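Structure first, commentary second.
Computed from a predicted model, the values in this text were never measured in an experiment. In what follows, every heavy atom counts, from backbone to side chain, and hydrogens, waters and symmetry copies are set aside.
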Amino acid sequence: MNTQYNQEREDLAAAFRWTARLNMHEAVANHFSLAVNESGSKFLLNPIGMHFSEICASDLILIDANDTETMSQHNAPDPTAWAIHSALHRNNPQARCILHVHPKYATILSSLDDKEMKPIDQNTMRFYERVSIDRDFSGMGLGKEAERLSTLLGNNPVLLMGNHGVLTAAKTVASAFDELYYFERSCQTLIGAYQTGKKLHVVSHKVAKKTAQQWIDYDASEMHFEALKRILDKEEPDYKN
């Protein structure tokens with residue numbers, strides 16, 4: 001096994017496995033990355049063609065965002081993964097872990113004209129004024145499109161990629177996964193509320209802002225992720241291989 005960045009590899013592999021368990025993956029597409037140097041230019045990324053449910057720690061490839069020869073190497077990653085994650089890590093060094101998927105409900109929200117996460121329950125309030133929204137999709141994340149996307153995140157933990165999917169970014173795998181988990185659940189609640197055809201009960205700015213801050217102060221992301229890893233240790237211990 002490649003033991004360089006062993007803990008980082010295990011954490012990212014665990015995120016892949018749980019994303020598959022939650023059915024938020026898509027075939028052998030979508031990609032997660034984790035920066036391993038200070039500038040963020042070097043990062044771990046899933047290899048092309050692997051299903052999230054089979055990814056192990058040693059499968060992750062080490063990428064250099066500044067290496068123009070990356071796509072000509074024998075273990076070149078998916079072209080969109082290379083373009084999007086290289087641009088994001090290069091332009092957002094604070095975003096150490098970046099998780100990009102097309103989960104059902106977040107993708108539905110990204111496809112609506114009104115893409116705002118309305119604060120209608122405790123979970124949706126978590127993301128009040130914490131979501132960047134891309135409204136200018138112009139094709140798959142390659143070249144100029146990838147560079148454009150990389151300028152939209154800012155300091156928010158979520159980028160809702162219009163007509164595309166969602167991306168979460170944080171300092172740790174645990175935090176990025178926790179944001180992804182709760183964002184998809186929030187999207188499910190919001191879309192379900194829309195489907196009733198009834199008027200939404202949107203809380204006030206004051207209440208939504210207060211609740212969002214309470215979520216930040218509470219931060220159970222590490223406890224959440226450690227619990228998930230304990231389950232994997234029992235049921236899918238090969239993720240560490």
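Both Ile84 and Leu153 are part of a single hydrophobic cluster, where members link through side-chain heavy atoms under 4.5 Å apart. By the rule that hydrophobic residues join a cluster once side-chain heavy atoms approach within less than 4.5 Å of another member, Tyr239 and Val28 end up as members of separate clusters. Taken together through direct or relayed side-chain contacts under 4.5 Å among Ile, Leu, Val, Met, Phe, Trp and Tyr, Met71 and Ile61 form part of one hydrophobic cluster. Connection of Met50 to Met24 is established within a shared hydrophobic cluster, with ILVMFWY side chains joined at heavy-atom distances below 4.5 Å, either directly or through further cluster members. At a threshold of 4.5 Å between side-chain heavy atoms, the hydrophobic network of Ile, Leu, Val, Met, Phe, Trp and Tyr places Tyr194 and Val203 in two separate groups.
Using a 4.5 Å heavy-atom threshold, the side chains of Leu62 and Leu44 count as touching. Looking at heavy atoms from C-beta onward, Ser186 lies out of side-chain contact with Tyr105 at the 4.5 angstrom threshold. Residues Ile108 and Cys187 have side chains not in contact (no heavy-atom distance under 4.5 Å, counting atoms from C-beta outward). You'll find the side chain of Val207 stays beyond 4.5 Å of the side chain of Pro119, heavy atoms only. In this structure, Ile231 and Trp18 have side chains that are in contact, with non-hydrogen atoms separated by less than 4.5 Å. Between Cys97 and Val173 the shortest side-chain heavy-atom distance falls below 4.5 Å. Annotation: side chain of Thr189 is not in contact with side chain of Asn123 (no heavy-atom distance under 4.5 Å). Taking the side chain as every heavy atom from C-beta outward, Ile98 and Thr168 never approach each other to under 4.5 Å.
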Verdict with reasoning, Glu26 to Val101, per side chain to side chain contact (heavy atoms under 4.5 Å, CB included): CA-CA 7 Å; Glu26 186 165 81; Val101 282; over 6 Å; no
I'd like to know whether Ser150 forms a side chain to side chain donor-acceptor pair (under 3.5 Å) with Asn91, so could you lay out the CA-CA distance, the side-chain angles of the two residues, the decisive distance to 0.1 Å, and finally the verdict. CA-CA 6 Å; Ser150 74; Asn91 297 324; 2.7 Å; yes
Let me see the working for Leu34 and Tyr5 under side chain to side chain contact (heavy atoms under 4.5 Å, CB included), right down to the final yes or no. CA-CA 10 Å; Leu34 178 62; Tyr5 310 117; over 6 Å; no
CA sep, side-chain torsions, deciding dist, call: Glu184, Lys104, salt bridge (Lys or Arg N to Asp or Glu O under 4.0 Å): CA-CA 8 Å; Glu184 176 65 0; Lys104 180 178 179 179; over 6 Å; no
Any chance you could lay out the salt bridge (Lys or Arg N to Asp or Glu O under 4.0 Å) test for Arg17 and Asp238, step after step, and finish with the verdict? CA-CA 10 Å; Arg17 295 294 184 97; Asp238 65 310; 3.0 Å; yes
For the pair Ser132 and Asn156, evaluate side chain to side chain donor-acceptor pair (under 3.5 Å) and give the outcome as yes or no after the intermediate values. CA-CA 6 Å; Ser132 300; Asn156 286 325; 3.0 Å; yes
Yes or no on side chain to side chain contact (heavy atoms under 4.5 Å, CB included) for Leu190 and Gln195, after CA distance, side-chain angles and deciding distance? CA-CA 9 Å; Leu190 181 60; Gln195 288 175 328; over 6 Å; no
Go through Phe127 and Tyr182 one step at a time and tell me if the ring-ring contact (aromatic ring centres under 6.0 Å, His included) criterion holds. CA-CA 9 Å; Phe127 299 100; Tyr182 277 102; 7.7 Å; no
Evaluate the criterion side chain to side chain contact (heavy atoms under 4.5 Å, CB included) for residue pair Leu167 and Leu99; output intermediate values, then yes/no. CA-CA 5 Å; Leu167 176 155; Leu99 310 181; over 6 Å; no
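Closest heavy-atom contact between Glu147 and Thr151: O-CG2, 3.4 Å. Across every non-hydrogen atom of Ser39 and Pro93, the tightest pair is O-CB, 3.4 Å. Shown here for Met161 and Ser110, the closest heavy-atom pair between the two residues is O-CB, 3.4 Å. Of all heavy-atom pairs between Ala57 and Ala13, the closest is N-CB, 3.7 Å. Nearest heavy atoms, His102 versus Gly165: CD2-CA, 4.1 Å. Nearest heavy-atom pair, Gly40 versus Ala35, reported as atom, atom and distance to 0.1 Å: CA-CB, 3.7 Å.
Close placement of the Tyr128 and His205 rings is indicated, their centers lying within 6.0 Å of each other.
Of the residues listed (Lys229, His224, Arg230), the one engaging Glu226 in a side chain to side chain donor-acceptor pair (under 3.5 Å) is Lys229, and it is the only one. Test Asn163, Asp134, Val131 against Lys115 for side chain to side chain contact (heavy atoms under 4.5 Å, CB included) and you get one pass: Asn163.
Taking the six-membered ring for Trp and thresholds of 30 and 60 degrees, Phe225 and Phe177 have ring planes inclined between 30 and 60 degrees apart. Using bins of under 30°, 30° to 60° and over 60° for the plane-to-plane angle, the ring pair His100/His31 lands in the tilted bin.
Side-chain atoms of Asp121 come within 3.5 Å of backbone atoms of Thr124 as a donor-acceptor pair (strictly under, hydrogens ignored). With hydrogens and angles disregarded, no donor-acceptor distance shorter than 3.5 Å links the side chain of Trp215 to the backbone of Met125. Judged purely by atom type and a 3.5 angstrom limit, Ser175 has no side-chain atom pairing as donor or acceptor with the backbone of Lys171. Of the possible donor and acceptor atoms, none in the side chain of Asp11 sits under 3.5 Å from a partner among the backbone N and O of Glu8. Of the possible donor and acceptor atoms, none in the side chain of Lys240 sits under 3.5 Å from a partner among the backbone N and O of Glu10. When atom types are taken as modelled, the side chain of Glu179 and the backbone of Val158 share no donor-acceptor pair closer than 3.5 angstrom. For the pair Asp219 (side chain) and Ser221 (backbone), a donor-acceptor distance under 3.5 Å is present. For Arg96 (side chain) and Asn37 (main-chain N/O), a donor-acceptor pair under 3.5 Å exists by modelled atom type. Looking at Asp78, its side chain does come within 3.5 Å of a backbone N or O of Ala81 through a donor-acceptor pair. Judged by distance alone, the side chain of Glu235 and the main-chain N or O of Leu232 form no donor-acceptor pair under 3.5 Å.
When only modelled atom types and interatomic distance are considered, Gln73 and Asp67 share a side-chain donor-acceptor pair under 3.5 Å. Side-chain atoms of Ser33 and His89 form a donor-acceptor pair, as typed in the model, at a separation below 3.5 Å.
Within 6.0 Å of CZ on Arg185 lie no more than 12 heavy atoms contributed by other residues, nucleotides or ligands.
Residue Leu12 holds its CG atom at 8.5 Å from CG of Leu45, rounded to the nearest 0.5 Å. With values rounded to the nearest 0.5 angstrom, His85 atom NE2 is found 12.0 Å from Asn92 atom CG. Note: Leu112 CG to Asp114 CG = 7.5 Å, rounded to the nearest 0.5 Å.
Salt bridge annotation for Arg126-Asp178: present, with a cationic side-chain nitrogen under 4.0 angstrom from a carboxylate oxygen.
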